Amino acid sequence: MPVFKTPFNGYSVKFSPFYESRLAVATSQNFGILGNGRLHVIDLSPSPGPTPVTELVSFDTADGVYDLAWSESHDSLLVAAIADGSVKLYDLALPPASNPLRSLHEHTREVSSADYNPTRRDSFLTASWDDTVKLWTVDRPASVRTFKEHAYCVYSAVWNPRHADVFASASGDCTARVWDVREPGSTMIIPAHEFEILSCDWNKYDDCVIATASVDKSIKVWDVRSIRAPISVLNGHGYAVRKVKFSPHRQSLMMSCSYDMSVCLWDYMVEDALVGRYDHHSEFAVGIDMSVLVEGVLASTGWDELVYVWQHGTDPRAP
């Protein structure tokens with residue numbers, strides 16, 4: 001399956017919601033500690049051949065790119081989360097000189113995540129190490145609102161797939177929070193782990209179920225209607241779990257990646273929850289995604305400067 005080599009360390013990879021063979025990759029130089037960044041947009045070849053991956057375009061940034069999100073309304077629009085605290089919008093339909101389309105400077109520290117609203121399709125969230133989450137719309141030069149409650153870095157903020165005003169956030173303060181943009185503060189605080197929470201995601205088929213991934217090496221699945229105890233605890237990673245993602249096709253399937261360099265697939269509703277483990281990365285695995293358009297197609301990236309795209313059940317390294 002296709003492998004793409006990036007000049008810098010991979011941080012995030014996302015499938016386009018419009019084109020099944022298109023992905024975007026966020027990368028940072030020197031493991032994101034200091035140096036430049038680059039945003040790549042790549043196309044997979046429909047037939048096996050000498051060039052399984054072609055780069056459509058790339059955008060250079062003065063600082064590392066930590067995350068990205070495709071627009072849900074415009075097939076050429078991308079949001080990038082940058083290490084200098086900025087949020088940049090890129091339009092693939094415009095010439096390179098016209099990009100970035102916009103650079104939004106409000107966060108005071110690194111921007112760790114970006115997520116586009118899948119139901120309203122005009123707004124997006126960014127989370128930052130400045131302990132805040134910000135809500136933006138594409139047409140406004142300033143944020144609509146800032147959500148400040150977390151006591152430490154916010155690593156992830158993700159929209160609920162069904163409720164256009166609801167999102168969740170995961171923080172180094174060991175809590176996950178649920179928010180409604182119509183309310184003044186968070187509507188729920190989940191003390192999910194005893195260590196930092198690096199990622200969270202909503203179930204795509206049950207809008208009350210959320211997963212959290214932590215430095216404690218575990219993933220926990222919660223029902224927000226009763227948060228006294230998780231409905232499932234998934235153990236199997238050897239180090240901190242960096243990202244967790246629910247399948248867009250199967251209710252109980254989820255994907256994770258870790259500093260143990262592995263990518264895992266889980267079915268949280270069965271006793272032997274670990275249904276797949278891939279050890280193709282040779283450095284920290286930090287970015288994952290599952291294709292919305294083609295069931296079972298997975299992608300991952302890591303600090304080994306490689307992006308893999310493969311079908312679940314096959315070897316990511318197989319040609």
Side-chain angles (χ1 to χ4, degrees), residues 3-6 8-14 25-35 37 64-68 81 83 109-114 127-129 150 152-158 169-176 192-201 211-221 230 232-246 254-266 268 273-290 298-310 315-317:
V3 180
F4 178 69
K5 174 79 172 69
T6 58
F8 302 153
N9 308 106
Y11 260 78
S12 179
V13 59
K14 302 276 176 72
V25 187
T27 69
S28 302
Q29 201 173 13
N30 302 317
F31 308 103
I33 297 158
L34 189 70
V65 189
Y66 283 174
D67 196 19
L68 65 99
R109 289 198 62 197
E110 290 87 335
V111 186
S112 48
S113 102
S128 168
W129 293 6
H150 282 294
Y152 196 58
C153 302
V154 188
Y155 296 116
S156 177
V158 287
S169 58
S171 167
D173 66 10
C174 308
T175 70
H193 299 262
E194 290 180 17
F195 293 86
E196 290 191 74
I197 306 172
L198 302 182
S199 178
C200 63
D201 196 30
T212 55
S214 169
V215 170
D216 68 12
K217 305 184 272 195
S218 78
I219 299 161
K220 294 183 182 179
V221 184
S232 184
V233 179
L234 308 174
N235 292 301
H237 280 299
Y239 288 100
V241 186
R242 177 62 182 256
K243 294 251 174 77
V244 64
K245 189 116 189 169
F246 273 103
M254 52 211 287
M255 186 180 187
S256 63
C257 63
S258 164
Y259 290 136
D260 68 8
M261 303 190 268
S262 75
V263 172
C264 289
L265 262 82
W266 312 82
Y268 75 89
L274 184 61
V275 295
R277 184 185 175 95
Y278 299 95
D279 292 300
H280 50 288
H281 284 289
S282 57
E283 289 281 352
F284 294 165
V286 296
I288 48 169
D289 200 19
M290 304 169 103
L298 314 174
S300 69
T301 190
W303 284 10
D304 55 8
E305 304 175 354
L306 292 170
V307 180
Y308 289 89
V309 183
W310 74 103
D315 182 352
R317 283 175 289 212

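The figures here come from the full heavy-atom set of this structure, side chains too, leaving out hydrogens, waters and symmetry mates. Numbering of residues begins at 1 and proceeds along the displayed sequence. Please read all numbers here as calculations on a predicted model, not as lab measurements.
- Of all heavy-atom pairs between N30 and L34, the closest is ND2-O, 2.9 Å.
- Within the model, atoms CE of M254 and OG of S232 stand 7.5 Å from one another, a figure rounded to the nearest 0.5 Å.
- Taken from CZ in R277 to SG in C264, the straight-line distance is 4.5 Å, to the nearest 0.5 Å.
- A donor-acceptor distance shorter than 3.5 angstrom exists from the side chain of K14 to the backbone of L68, with no hydrogens or angles considered.
- Heavy-atom minimum distance, M290 versus K245: SD-O, 4.1 Å.
- In this structure, Y268 and F246 have perpendicular ring planes: the angle between them is above 60°, well past the 30° mark.
- When side chains are defined from C-beta on, V263 counts as touching W310, because their heavy atoms get closer than 4.5 Å.
- Here the side chains of L198 and V215 are in contact, with some heavy-atom distance below 4.5 Å.
- Listed here is the closest heavy atom pair of G10 and T301: CA-OG1, 3.4 Å.
- Using a distance-only test at 3.5 Å, with no hydrogens or angles considered, no donor-acceptor pair links the side chain of D304 to the main chain of H281.
- The shortest distance between side-chain heavy atoms of L306 and H280 does not fall below 4.5 Å.
- Between the side chain of T27 and the backbone N or O of G37, no donor-acceptor pair lies under 3.5 Å.
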Item to complete: Begin with the C-alpha distance, continue with both residues' side-chain angles, and end with the deciding distance and a verdict on side-chain contact (heavy atoms from CB on, under 4.5 Å) for Y278 and L265.
Response: CA-CA 9 Å; Y278 299 95; L265 262 82; 4.0 Å; yes

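- By the 30° and 60° cut-offs, the orientation of the rings of W303 relative to F31 is tilted.
- Note: N235 CG to I219 CD1 = 9.0 Å, rounded to the nearest 0.5 Å.
- Heavy atoms only, all atoms of each residue included: S156 and S199 are closest at CB-CA, 3.9 Å.
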Discussion item. Assess the residue pair D201 and K243 against the criterion (salt bridge (charged side-chain N to carboxylate O under 4.0 Å, His left out)); give the C-alpha distance rounded to whole Å, side-chain angles, the decisive distance to 0.1 Å, and a yes or no.
Written reply: CA-CA 9 Å; D201 196 30; K243 294 251 174 77; over 6 Å; no

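- Scanning all heavy atoms of the two residues, the minimum distance from S258 to A240 falls at OG-O, 2.8 Å.
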Worksheet item: Going through the checks in order, is the side-chain contact (heavy atoms from CB on, under 4.5 Å) test met by L298 and S300?
Response: CA-CA 7 Å; L298 314 174; S300 69; over 6 Å; no

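- Looking at Y259 and V286, their side chains come closer than 4.5 Å, going by heavy atoms from C-beta outward.
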Discussion item. Would Y155 and R242 count as a side-chain contact (heavy atoms from CB on, under 4.5 Å) here? Give the steps.
Written reply: CA-CA 10 Å; Y155 296 116; R242 177 62 182 256; over 6 Å; no

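- Taking OG from S171 and NE2 from H193, the interatomic distance works out to 12.0 Å, rounded to the nearest 0.5 Å.
- In terms of modelled atom types and a separation under 3.5 Å, the side chain of S112 and the main chain of V154 share a donor-acceptor contact.
- Side chains of E196 and Y152: no donor on one and acceptor on the other come within 3.5 Å.
- Of the possible donor and acceptor atoms, none in the side chain of D289 sits under 3.5 Å from a partner among the backbone N and O of A299.
- Between the OH atom of Y11 and the CG atom of D67 there is a distance of 11.5 Å, given to the nearest 0.5 Å.
- Counting only distance, with no hydrogens or angles, the side chain of S12 and the backbone of Y66 share no donor-acceptor pair below 3.5 Å.
- In this model, no donor atom of one side chain and acceptor atom of the other lie less than 3.5 Å apart for R317 and Y308.
- Minimum interatomic distance between S113 and A157 (heavy atoms only, all atoms of both residues): OG-N, 3.2 Å.
- Remark: side-chain polar atoms of K220 are paired, donor with acceptor, to backbone N or O of A192 under 3.5 angstrom.
- To the nearest 0.5 Å, the span separating CG on L274 from OG on S262 amounts to 8.5 Å.
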